[in-house]
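For this chain, numbers begin at 1 and follow the sequence in order. When a ligand or atom number is given, it counts from 1 through the structure's own listing order.
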Amino acid sequence: MNLWGGRFTADTDSQVFAFNASIGFDKRLYAQDIRGSIAHVRMLGKQGIITVGEADTIAAALSDIKDDIDNGKLTVDEACDDIHSFMETELIRRIGDTGKKLHTGRSRNDQVALDMRLYARDYADDLDAALKTLLKTLLKLMKEHKDTYMPGFTHLQKAQPVTLAHHLGAYFEMFKRDRGRISDIRQRMNYCPLGAGALAGTTYPLDRAYTAELLDFDGPTLNSMDSVSDRDYLIEILSALSTIMMHLSRFSEEIIIWNSNEYRFIELDDAYSTGSSIMPQKKNPDIAELVRGKTGRVYGALMSLLTTLKGIPLAYNKDMQEDKEVFFDASDTCINCVKLFNDMLATTRFNREIMEKSAAGGFTNATDVADYLVGKGIPFRDAHGLVGRLVLMCIERGIALDDLGLDEYRSVSPVIDDDIYEAIAVRTCVQRRNTVGAPGLKAMEAEIEACEKYLAG
Ligand code: ARG
């Protein structure tokens, strides 16, 4: 069933129909399509382009169609080539000639541009809510783990001790920026393309500002050619989704490392891990691995759409239909990953003792020994060299800096007293770091308070 049969004398070849059709995937736009059509007829009625009575009849029938699809009473007929054709065909089937007036002053080009914007805007709101839930989980864990000590790493080698709250706080910042990006995009895209027509506007006296208002946009888009061919907002969202996935993937990598037999920093909940068909002892971090793996496919969507758009002359071209499958796939993937990752994180157990023990090994307090010497009047560069000698002594004997005797310390520098042990204990090392953004208790409490304020705002 086509809306454009008049000019044609032969039917579309069946393979061409299948190649051309988007109904299989754009049927998920039905709610946005109906919302846009109702706003359109309301505006047509207000402007006297159709009568208010006709507008009422069309709007009521469209609402009924939506209810019927929602409730499963009506299934989208894939004999139509896209969701727009299906809607109009179904409308005319229900209310006859009045339904034929729906498409007055409109093209599928501005219609699909509107539907995608509405869909992307709804998605942005859902994603924002999912990110907010993840941030709440992170904040809860940060509050619980202000004194759960662990090694901080550089080059994946133990560097200086931090706390779990501090480590998780880094991810809080990342996902906070992600929300900011989504909200910036939402603001930039919030203009209504409906009324742009096929590309050159229309001769009917449309009130585009009114339609925009009915659909909660900040106003109509300005240039009708741009309106029907702009997909920048999808590129922007896919770019933001790629960044979210990159963050989730880094976090996943850490979960996988922390969950390994060598680290045992965490224990994943049974419900969020899987076993092996052959090795009975296995408890695998599949969710984290899949999140890490699916990152590639979201990046792929971004590349795919950028490439699709790069050669398209103004205005609408059918290439643009290719925006849908990649966007739907990447957006579903990303929001599912955010949600699942959140649930996995919320149910993970952290092995405090193992983490703290690990923080105490690996010379994570070497900088603090140097700082101790600086406190006793030795310039930092000299102190650095002296501690290097102490570390070498420890490595030779397979012990930690905390295990050296006072005599050994004094053999390197006589300024060292027995207060050295307290000064380089993991807890002391962490809790004395109170510059803004550092892991010490005072600094961490200020950070947590700021995170709390942000989430309340
Ligand atoms: N299915 C089309 C798309 O997704 C709808 C717009 C069709 N417009 C046209 N002139 N063929 O882009």
Side-chain angles (χ1 to χ4, degrees), residues 1-8 10-37 39-40 62 65 69 76-92 102-123 189 192-202 211 215 221 223-235 237-238 301 304-332:
M1 244 172 297
N2 289 323
L3 297 175
W4 37 262
R7 186 219 179 282
F8 288 75
D11 287 343
T12 317
D13 174 89
S14 63
Q15 284 192 56
V16 171
F17 179 86
F19 186 67
N20 197 44
S22 53
I23 190 94
F25 47 86
D26 69 14
K27 61 185 172 191
R28 76 153 82 188
L29 295 173
Y30 78 90
Q32 286 80 13
D33 197 73
I34 288 173
R35 190 174 173 208
S37 290
H40 181 64
L62 287 170
I65 294 175
I69 299 177
V76 174
D77 179 4
E78 300 204 7
C80 296
D81 68 341
D82 61 24
I83 189 65
H84 325 295
S85 314
F86 168 77
M87 280 302 167
E88 200 174 321
T89 308
E90 178 64 18
L91 182 72
I92 294 167
L102 165 66
H103 212 51
T104 314
R106 188 174 74 168
S107 155
R108 277 190 295 169
N109 298 351
D110 58 344
Q111 187 177 358
V112 77
L114 170 69
D115 290 4
M116 274 310 270
R117 254 181 224 240
L118 288 173
Y119 185 88
R121 198 176 65 176
D122 290 344
Y123 176 77
M189 67 177 270
C192 183
L194 197 64
L199 77 162
T202 169
T211 324
L215 294 167
T221 50
N223 179 291
S224 62
M225 291 181 90
D226 179 54
S227 305
V228 290
S229 54
D230 168 31
R231 299 292 183 274
D232 290 4
Y233 59 99
L234 296 179
I235 301 264
I237 295 177
L238 287 174
S304 165
L305 192 54
L306 278 169
T307 312
T308 297
L309 289 170
K310 78 181 255 297
I312 305 183
L314 290 177
Y316 178 85
N317 293 258
K318 193 67 176 243
D319 320 38
M320 287 175 165
Q321 179 168 291
E322 287 293 308
D323 62 356
K324 288 173 197 63
E325 282 165 294
V326 287
F327 186 77
F328 294 154
D329 181 69
S331 54
D332 288 349

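Numbered from 1 in the order shown, with element, the atoms of ligand 1 that lie under 4.0 Å from a heavy atom of N109 read 8 (N), 9 (C), 10 (N). Residue D82 has at least one heavy-atom neighbour below 4.0 Å for each of these atoms of ligand 1: 1 (N), 5 (C). Which parts of ligand 1 touch Q321 is read off a 4.0 Å heavy-atom cut-off, strictly below it: atoms 1 (N), 2 (C), 3 (C), 4 (O), 12 (O).
The protein atom (non-hydrogen) at minimum distance from atom 7 (C) of ligand 1 is Y316 OH, 3.6 Å.
A salt bridge does not link R231 with D319: every distance from a Lys NZ or Arg NE/NH1/NH2 to an Asp or Glu carboxylate oxygen is 4.0 Å or more. In summary, D230 and R117 engage in a salt bridge, as defined by a charged side-chain N under 4.0 Å from a carboxylate O.
Few gaps surround NZ on K318; more than 12 heavy atoms of other groups in view lie less than 6.0 Å from it.
Checked against a 3.5 angstrom limit, the closest N/O atoms of K324 and ligand 1 fall inside it.
Distance alone, capped at 3.5 Å, is enough to place a donor-acceptor pair between the D110 side chain and the S107 backbone. No donor-acceptor distance shorter than 3.5 angstrom exists from the side chain of N109 to the backbone of V228, with no hydrogens or angles considered.
The residue Q111 has no part lying near ligand 1, judged by heavy-atom distances below 4.0 Å.
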